[in-house]
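Counting starts at 1 for both ligands and their atoms, in listed order. Just so you know, residue 1 is the first one in the sequence shown, and it goes up from there.
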Amino acid sequence: MVNNETVLVLDFGGQYCQLIARRVRECSVYCEIKSYKTPIAELEKKHYKAIILTGGPNSVYDEKSPHYDKALFSLGVPILGICYGAQLMAYMLGGKVSSSEVREYGKTPFHVTDAKSLIFADVPESSVCWMSHTDYISAVPEGFQSAAVSDACPVAAMECQERKLYAVQFHPEVQHTEYGQQILKNFLFKVCGCKGDWVMSSFIEQTIAEIRQKVGNKKVLCGLSGGVDSSVAAVLMHKAIGKNLTCIFVDHGMLRKEEGDQVETVFRKQFDMNLIRVNAGEQFLQKLQGVTDPEQKRKIIGEGFIRTFEAESRKLGKVEFLCQGTIYPDVVESGTGNAAVIKSHHNVGGLPKDIGFEGIIEPLRDLFKDEVREVGTQLGIPEDLVWRQPFPGPGLGIRILGEVTAEKVAVLQEADAIFREEVANAGLRKKISQYFAVLTNMRSVGVMGDGRTYDYTVALRGVTTSDFMTADWARIPYDVLEKSSERIINEVHGVNRVVYDITSKPPATIEWE
Ligand code: XMP
């Protein structure tokens, strides 16, 4: 993406790396993340407006700790070092970093000692910041001066105004730092002179122009799942090239209640897109007959998805490009060099990249999830779809324990729809990260009317999480659970017991299979 005001976050393995980038973008300044392994020549070519060095888990004195070419500080680009990044700046420029016996962690009062410091403009003399460190800067490099202190840090911040080099020991990107956003803003606008003109509408216009230039009159195919990312990517693509885009929506019959029809209505009726819906439910169920092992079920569904998609795309003749809804967290490489958490199974069926296309187009590659949602809203995609919770590719197939049958799918669709409706009625939709029903493979005895029943148990699951890597079970109010349970028992035939899953991840996972 071309932008003449881009800030670089140089990642040294800090856990808040993506958060820093988001905070910068919240200031309407475009920002990208690169690993500290990126050669300096590459950085020079990009003419960054500013560079932010992130935190990291290491000590600068560790042999294995990530360092960088010292020439970085002579590029003439303003730099802000955060935590490890601050220590690295001090260490590399001749200051001193020492190890403390006490670790300073959590909310910590700090005091600005240099009232003229540009990065502390409009920040009170005393406020609270978020600290997380053992090492600290004990002596500033020549030409620098300390600008803030805390109990454990004689240099909670330092700067060299002429060279536009700044460093803070604490984390301005974390919300617990009361004036964190103000400090970042000061750095971007007062130190670096950013304009702050990066807005979603300009992203949309620019991306559409880029797509048109790349695609010309050629054809593009998009796998649509009805999830947020693929939906936004498809609509953006459609705005750019109209009917030269064809979307294939493989309905494997294990979607949530009425979901397939909703997807069709939105994309075909509202957006007038070329949409091919493949109703492959029966074929999928046939392949799943008698299969109870979760991994095997996943494999069968994943494989079936790809084969169906391929078969359908072959019917279309020559199509040059494949459009995918990859987003920034899927591609960004972590500073420590471990491959990113690439959720291959999270893409639409994990389409292999080599099924005969000239190129892949990923229009959302630079965006975070909340930014994708904003683009979706601006493009007029219904709120329901834009705020959809994550839904696994294999769908209800992995929420029905044991063998999947058409009857079980129908039972689970009903129970799940009731639960989601009750969560929505209680106004909790955006407060719970993911919530759904699971059809366990267990039957138990109950009594209904005057008769004995021997029916299935439905488990309800709700979690709160920021990254889906770890999750806590959601404290859904009892009355919402009660209403859901009552309605499921009364309205769904074949279920006589409802339980709520109170396990976090780890040790459990979010899905049951
Ligand atoms: P787990 O169960 O691993 O799930 O804690 C973490 C998140 O990933 C989603 N998930 C999937 N998404 N295809 C997907 O697109 C899959 O096969 C898949 N499996 C799990 C899950 O819903 C949760 O949000």
Side-chain angles (χ1 to χ4, degrees), residues 222-234 248-256 259-260 263 284 287-288 291 293-309 324-331 340-352 362 364 368-370 372-373 385-401 404 409 412-413 416 419-420 423 429-440 459-474 501-513:
C222 180
L224 195 63
S225 68
V228 185
D229 304 343
S230 69
S231 300
V232 174
I248 297 182
F249 167 46
V250 177
D251 182 344
H252 55 30
M254 291 166 283
L255 297 172
R256 288 171 294 188
E259 196 166 23
V263 170
F284 275 86
K287 290 202 186 100
L288 287 167
V291 182
D293 176 63
E295 273 313 294
Q296 215 187 334
K297 288 203 293 190
R298 275 177 177 277
K299 262 198 203 122
I300 292 171
I301 300 171
E303 182 72 21
F305 187 93
I306 294 168
R307 295 289 93 85
T308 315
F309 188 89
Q324 290 206 315
T326 317
I327 68 171
Y328 201 44
D330 299 334
V331 292
V341 194
I342 300 196
K343 306 174 221 159
S344 58
H345 63 288
H346 287 202
N347 292 337
V348 183
L351 289 174
E362 299 173 315
L364 309 177
F368 289 110
K369 192 79 172 189
D370 46 354
V372 172
R373 291 202 160 109
L385 222 157
V386 168
W387 283 98
R388 226 180 78 139
Q389 47 166 326
F391 186 64
L396 302 184
I398 55 161
R399 291 180 181 168
I400 292 170
L401 309 192
V404 184
V409 171
L412 183 55
Q413 278 178 332
D416 181 71
F419 182 42
R420 285 188 291 124
V423 169
R429 255 181 46 181
K430 291 185 188 168
K431 297 208 173 97
I432 308 172
S433 316
Q434 204 173 355
Y435 50 96
F436 52 88
V438 172
L439 185 61
T440 74
L460 303 180
R461 178 87 164 130
V463 296
T464 52
T465 172
S466 56
D467 57 7
F468 296 88
M469 308 295 283
T470 61
D472 194 11
W473 60 277
D501 181 352
I502 53 165
T503 347
S504 294
K505 169 185 179 178
T509 51
I510 296 173
E511 303 291 346
W512 276 38
E513 284 195 336

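- Against a heavy-atom cut-off of under 4.0 Å, Phe468 is close to the following atoms of ligand 1: 6 (C), 24 (O).
- Near Pro394, with a cut-off below 4.0 Å to any heavy atom, the atoms of ligand 1 are 13 (N), 16 (C), 17 (O).
- Scanning both residues, Ser504 and Ala471, for their nearest heavy atoms gives CB-O, 3.3 Å.
- Residue Lys505 has at least one heavy-atom neighbour below 4.0 Å for each of these atoms of ligand 1: 1 (P), 3 (O), 5 (O), 6 (C).
- The atoms of ligand 1 that sit less than 4.0 Å from any heavy atom of Thr509 are 1 (P), 2 (O), 5 (O).
- A salt bridge links Arg399 with Glu511; the closest basic N to acidic carboxylate O contact falls under 4.0 Å.
- Judged by distance alone, with hydrogens and angles left aside, the side-chain atoms of Gln389 form a donor-acceptor pair with the main-chain N or O of Tyr435 at under 3.5 Å.
- Comment: Asp293 does not engage Lys297 in a salt bridge, judged by the lack of any side-chain N to carboxylate O separation of less than 4.0 angstrom.
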Audit row: Ile432, Val463, side chain to side chain contact (heavy atoms under 4.5 Å, CB included) steps and yes/no: CA-CA 6 Å; Ile432 308 172; Val463 296; 6.0 Å; no

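- Heavy atoms of Pro390 found under 4.0 angstrom from ligand 1 belong exclusively to the side chain.
- Ligand 1 has Arg298 within reach: a non-hydrogen atom of the residue lies less than 4.0 Å from it.
- The shortest N or O to N or O distance between Ile510 and ligand 1 is under 3.5 Å.
- At a 3.5 angstrom cut-off on N or O pairs, Gly393 counts as close to ligand 1.
- Salt-bridge formation is detected for the pair Arg307/Glu303: a Lys NZ or Arg NE/NH1/NH2 atom is positioned less than 4.0 Å from an Asp or Glu carboxylate oxygen.
- Side-chain atoms of Thr464 and Asp472 form no donor-acceptor pair, as typed in the model, at a separation below 3.5 Å.
- At under 3.5 Å, a nitrogen or oxygen of Glu511, whether backbone or side chain, sits near a nitrogen or oxygen of ligand 1.
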